[in-house]
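For reference, the structure is listed below as structure tokens.
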Amino acid sequence: MKVSIDQDLCYGSGDCVYRVPSVFTVVDGFGAVLPGREDTGADALVREAAEKCPSQAIRIEG
């Protein structure tokens with residue numbers, strides 16, 4: 001399952017980075033998925049980060 005961040009929704013709270021720093025980072029003040037970590041959408045911590053994202057910007061597809 002693929003994880004991504006909708007840059008139109010993200011406002012850079014950093015909550016995703018706090019929850020799963022091995023998958024998420026901040027680029028230019030907004031959340032981003034680390035290169036090579038896009039296929040981690042099935043991970044329970046990534047799913048929790050998506051559910052708790054204050055801007056609901058994290059997408060899990062597939």
Side-chain angles (χ1 to χ4, degrees):
M1 300 183 88
K2 299 268 186 191
V3 61
S4 62
I5 296 182
D6 185 331
Q7 294 299 311
D8 292 330
L9 295 176
C10 180
Y11 57 77
S13 74
D15 192 64
C16 57
V17 180
Y18 173 76
R19 291 179 184 279
V20 196
S22 63
V23 174
F24 300 105
T25 190
V26 174
V27 175
D28 295 329
F30 298 97
V33 178
L34 288 166
R37 302 296 290 167
E38 297 87 357
D39 290 329
T40 59
D43 182 290
L45 292 176
V46 172
R47 290 184 161 286
E48 180 179 339
E51 291 171 12
K52 304 217 182 229
C53 175
S55 63
Q56 296 297 294
I58 300 173
R59 302 283 178 239
I60 298 176
E61 298 172 347

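Two residues are said to be in side-chain contact when any heavy atoms from C-beta on lie closer than 4.5 Å; I5 and C16 meet this criterion. Annotation: side chain of F24 is in contact with side chain of V33 (closest heavy-atom distance under 4.5 Å). With contacts defined as side-chain heavy-atom distances shorter than 4.5 Å, the pair L34/V23 does not qualify. Y18 has its side chain out of reach of S13: every pair of non-hydrogen atoms, C-beta onward, lies at least 4.5 Å apart. Proximity of S22 to R37: side-chain heavy atoms (C-beta onward) are separated by under 4.5 Å at one or more points.
A salt bridge links K2 and D39; the closest N-O separation between the charged side-chain nitrogens and carboxylate oxygens is under 4.0 Å. With salt bridges taken as basic N to acidic carboxylate O contacts below 4.0 Å, none links D43 and R47.
Counting only distance, with no hydrogens or angles, the side chain of E38 and the backbone of M1 share no donor-acceptor pair below 3.5 Å.
To the nearest 0.5 Å, atom CD1 of residue I58 and atom CG of residue D6 are 11.0 Å apart.
Heavy atoms only, all atoms of each residue included: L9 and Q56 are closest at CD1-O, 3.6 Å. Looking at every heavy atom in both residues, V3 comes nearest to I60 through CG2-CG1, 4.2 Å. The two residues V27 and A32 have their closest heavy-atom pair at CG2-CB, 3.9 Å. Nearest approach of S55 to C10, heavy atoms of both residues: OG-CA, 3.6 Å.
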